[in-house]
Trainee: 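Pasting in a structure now, in structure tokens, and then I'll have a few things to ask.
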Amino acid sequence: MAKKQKEQKERKIFVLDTSVILYDHNAVNQFQEHDVAIPITVLEELDNFKKGNESINFAAREFIRMIDKLSENFPLTDWIPLNGPTKGKFKVIMNTHSMVDAEKVFGEVKNDHKILNCALSMKEEAKDRKVILVTKDVNLRLKAKSLDLISEDYETGKIKNLDMLYTGRTLVEDITTEVVNEVYKDNFISRDKVFKDKPLANHYYILKNHKNSVLTYYNPNDDKLEKVDKIGAYGIKPRNAEQTFAMHALLNPEIRLVTIQGVAGTGKTLLALAAAVEQKRNYLQIYLARPIVPLSNKDIGYLPGDIKSKINPFMEPLYDNLKFIQSQYGERDKEFQKINDLLENEKLVITPLAYIRGRSLSNIFFIVDEAQNLTPHEVKTIITRAGEGTKIVFTGDIFQIDTPYLDSQSNGLSYLIDKVKDQKLYAHITLEKGERSELANLANLLL
């Protein structure tokens, strides 16, 4: 009996905010043996998100369906088993009144304050248990703490230590001259002549000694370190070792999934697009997509004009990269005209990400730009759409987040880099050296 009471006391109650559900519609199942409570206000807010094609609309619909199924034989205000005896239970909190009234404290009637009141009422109701408000809204967490309510970020899918995030490349110094010479002579070297243990699949190395160096990557299929040559694509040539590695991954047919992370001006999108156009004959189509994150997070419907006029401002950076590739050739060159033909014949399609969701992606070279503005679930959804012959490239800067409730540790790009490393189909490279211009480098360095 005492043991049962102790277990009951240790089981926490997590109250979930709307932002958590929109980030991960399966969040209620991520709290192990603990119980989960959903404020009624959250269900009301989710109702406003049901319509639409964005991932948040999908998340709202999926969560509502799941709650409906789970509560089939129970009232929502009772504790309902989530998944058998080992999992916790969930309920909907109807009571928004408590001893401390958030609406009076903060002097405003709004949904955030109703959610706070639900959490406070749950805390009063379950005096013998720890009640924790879980939200991805930093401001709401601060308000909760000011009311002596424990509040946490939703940690599932969050990278613990960004300093340890995989970079995809390593500088190895004090390599013998014999090793470097053998790589230059044979274009490869047996892995055990350089490393005792097997490296991560498709990891890139700069092997350096006091005289010279050589660029290599570990081929997991042959257990060899192979020489990486500085190869250009459609007039775009790598300007440093990092870009050389990125171009190698983009042009390697054995690698079907590539991530390129780096600050503005490092050449992420340009390299990916140049590699795609270079390999246009190997794919039915090239898709270049990006998530639309409007200013102030307003829907694009408020912008004037037809749908094309609304979308063009968000797609302009992609056209800029395409024009730069085109500018490597004269207007009379066939390569220049070929890009125009690709666009006109829709062999190359520049589009918002929402427009290709749900489509089957077979024999497609698919570039997802600004991938740091995607959730882990969105990234998974995109990759699971890949059919035979498709290559997917995610590019972005994990420190430049424009989507609310995402940060450098919880966005889909960071999550993907952390989870998929050491897979034979995957390669990653972090670009650090800016190559856009001296002025752009100055801004990145000093501002």
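In what follows, every heavy atom counts, from backbone to side chain, and hydrogens, waters and symmetry copies are set aside. Being a predicted model, the structure only gives us computed values, none of them experimental.
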Trainee: Just grab all the ring-ring contact (aromatic ring centres under 6.0 Å, His included) pairs involving residues 239-258, residues at least two apart or on different chains.
Mentor: Y204-F245, Y204-H248, Y217-H248

Trainee: Please report the shortest heavy-atom distance between A37 and I13, naming the atom on each side.
Mentor: CB-CG2, 4.2 Å

Trainee: State whether the number of non-hydrogen atoms from other residues, nucleotides or ligands found under 6.0 Å of K89 atom NZ is greater than 12.
Mentor: no

Trainee: What pairs with Y426 under ring pair (Phe, Tyr, Trp, His ring centres under 6.0 Å), at least two apart in sequence or on another chain?
Mentor: none

Trainee: For F394, which residues count as a ring pair (Phe, Tyr, Trp, His ring centres under 6.0 Å) partner, sequence neighbours excluded?
Mentor: none

Trainee: Are the side chain of R129 and the backbone of R11 linked by a donor-acceptor contact shorter than 3.5 Å?
Mentor: yes

Trainee: Identify the residue among T167, T259, V263, I417 that makes a side chain to side chain contact (heavy atoms under 4.5 Å, CB included) with T430.
Mentor: T167

Trainee: Angle between ring planes, Y154 versus F31, binned at 30° and 60°: parallel, tilted or perpendicular?
Mentor: tilted

Trainee: Working note: I132 + V15, criterion side chain to side chain contact (heavy atoms under 4.5 Å, CB included); need CA distance, chi angles, decisive distance, verdict.
Mentor: CA-CA 6 Å; I132 301 164; V15 180; over 6 Å; no

Trainee: Given the side-chain rings of Y234 and Y329, with only the six-membered ring counted for Trp, is the space between their centroids under 6.0 Å?
Mentor: yes

Trainee: For Q400, does its backbone N or O pair with a side-chain atom of Q372 as donor and acceptor, under 3.5 Å?
Mentor: yes

Trainee: Just jot down the side-chain hydrogen bond (donor to acceptor under 3.5 Å, both in side chains) partners of Y283, sequence neighbours excluded, or say none.
Mentor: none

Trainee: Using the side-chain hydrogen bond (donor to acceptor under 3.5 Å, both in side chains) criterion, which residues pair with D186? Sequence neighbours excluded.
Mentor: none

Trainee: Restricting to non-hydrogen atoms, name the atom on A275 and the atom on L251 that form the minimum distance, rounded to 0.1 Å.
Mentor: CB-CD2, 3.9 Å

Trainee: Given 3.5 Å as the limit, does a donor-acceptor pair link the side chain of Q279 with the main chain of L250, or not?
Mentor: yes

Trainee: Please answer whether the main-chain N or O of T266 pairs with a side-chain N or O of Q243 as donor and acceptor at a distance below 3.5 Å.
Mentor: yes

Trainee: I need the D229 CG to T244 OG1 distance, nearest 0.5 Å.
Mentor: 9.5 Å

Trainee: How about NZ on K227, more than 12 heavy atoms from neighbouring residues, nucleotides or ligands closer than 6.0 Å, or not?
Mentor: yes

Trainee: Nearest 0.5 Å, what's the NZ-CD distance between K69 and E72?
Mentor: 8.0 Å

Trainee: What's the shortest heavy-atom distance between T156 and Q30, and which atoms?
Mentor: OG1-CB, 3.9 Å

Trainee: So which heavy atom on D137 is nearest to which on S19, and how close?
Mentor: N-OG, 3.8 Å

Trainee: Would you call K12 and D35 a salt bridge, taking side-chain N to carboxylate O under 4.0 Å as the test?
Mentor: no

Trainee: May I ask you to check whether Y23 and Y405 place their ring centres under 6.0 Å from each other?
Mentor: no

Trainee: Give a yes or no on this: more than 12 heavy atoms of other residues, nucleotides or ligands lie within 6.0 Å of atom NZ of K347.
Mentor: yes

Trainee: So that I can tick it off, tell me whether K160 and D418 are bridged by a salt bridge, with the cut-off set at under 4.0 angstrom between side-chain N and carboxylate O.
Mentor: no

Trainee: Atom CG of L413 and atom CD of E370: how far apart are they, to the nearest 0.5 Å?
Mentor: 10.0 Å

Trainee: Is the count of non-hydrogen atoms from other residues, nucleotides or ligands lying under 6.0 Å from K158 atom NZ greater than 12?
Mentor: yes

Trainee: Is any side-chain N of the basic residue among K338 and D341 closer than 4.0 Å to the acidic one's carboxylate O?
Mentor: no

Trainee: How about Y205 and F195: are their ring centres within less than 6.0 Å of each other?
Mentor: yes

Trainee: More than 12 foreign heavy atoms under 6.0 Å from CG of N221: is that the case here?
Mentor: yes

Trainee: Would you say the side chains of D192 and S190 form a donor-acceptor pair under 3.5 Å?
Mentor: yes

Trainee: Answer yes or no for K224 and F188: cation-pi contact, defined as NZ/CZ to six-membered ring centre under 6.0 Å and angle to ring axis within 45°.
Mentor: yes

Trainee: If you take all heavy atoms of L76 and S71, which pair is closest and at what distance?
Mentor: CD2-CB, 3.6 Å

Trainee: Backbone N or O of E335 within a donor-acceptor pair of the D333 side chain at under 3.5 Å?
Mentor: no

Trainee: Side chains of E45 and N111: is there a donor and an acceptor less than 3.5 Å apart?
Mentor: yes

Trainee: Before accepting this row, confirm whether a basic side-chain N of the pair K424/E254 lies closer than 4.0 Å to the acidic partner's carboxylate O.
Mentor: no

Trainee: Step by step, work out the side chain to side chain contact (heavy atoms under 4.5 Å, CB included) result for I64 and I67.
Mentor: CA-CA 5 Å; I64 290 166; I67 294 298; 5.9 Å; no

Trainee: Is the number of heavy atoms from other residues, nucleotides or ligands under 6.0 Å of F366 CZ greater than 12?
Mentor: yes

Trainee: Between the side chain of T390 and the main-chain N/O of I364, is any donor-acceptor distance below 3.5 Å?
Mentor: yes

Trainee: Return the orientation label for the Y166 and H428 ring planes: parallel under 30°, perpendicular over 60°, tilted otherwise.
Mentor: tilted

Trainee: Could you tell me if the ring centre of H203 sits under 6.0 Å from that of Y218?
Mentor: no

Trainee: Does atom NZ (K198) have a neighbourhood of more than 12 heavy atoms from anything else shown, all under 6.0 Å?
Mentor: no

Trainee: Could you pull out all residues at least two apart from L348 that satisfy side-chain contact (heavy atoms from CB on, under 4.5 Å)?
Mentor: L273, V277, I286, L322, L342, L343, I350

Trainee: Starting at CG of L207, measure out to CG of D174 and round the result to the nearest 0.5 Å.
Mentor: 12.0 Å

Trainee: Considering non-hydrogen atoms only, spot the tightest contact between M247 and I236 and give its length.
Mentor: CE-O, 3.8 Å

Trainee: Hey, what do you get for CD1 (I115) to CG (D17), rounding to the nearest 0.5 Å?
Mentor: 4.5 Å

Trainee: Take K50 and D47 through the salt bridge (charged side-chain N to carboxylate O under 4.0 Å, His left out) test and state the conclusion after the steps.
Mentor: CA-CA 5 Å; K50 283 191 306 184; D47 193 56; 2.9 Å; yes

Trainee: In Å and rounded to the nearest 0.5 Å, what is the CD to CD1 distance from E226 to I189?
Mentor: 12.5 Å

Trainee: Given 3.5 Å as the limit, does a donor-acceptor pair link the side chain of N411 with the main chain of S408, or not?
Mentor: yes

Trainee: Start with the C-alpha distance between I392 and R385, add both sets of side-chain angles, then the distance that settles side chain to side chain contact (heavy atoms under 4.5 Å, CB included), and finish with yes or no.
Mentor: CA-CA 10 Å; I392 302 182; R385 302 304 303 173; over 6 Å; no

Trainee: Does R169 form a salt bridge (charged side-chain N to carboxylate O under 4.0 Å, His left out) with E242? I'd like the steps, not just the answer.
Mentor: CA-CA 8 Å; R169 56 181 171 75; E242 300 160 8; 3.8 Å; yes

Trainee: Take K136 and S410 through the side chain to side chain contact (heavy atoms under 4.5 Å, CB included) test and state the conclusion after the steps.
Mentor: CA-CA 10 Å; K136 299 201 71 64; S410 65; 4.0 Å; yes

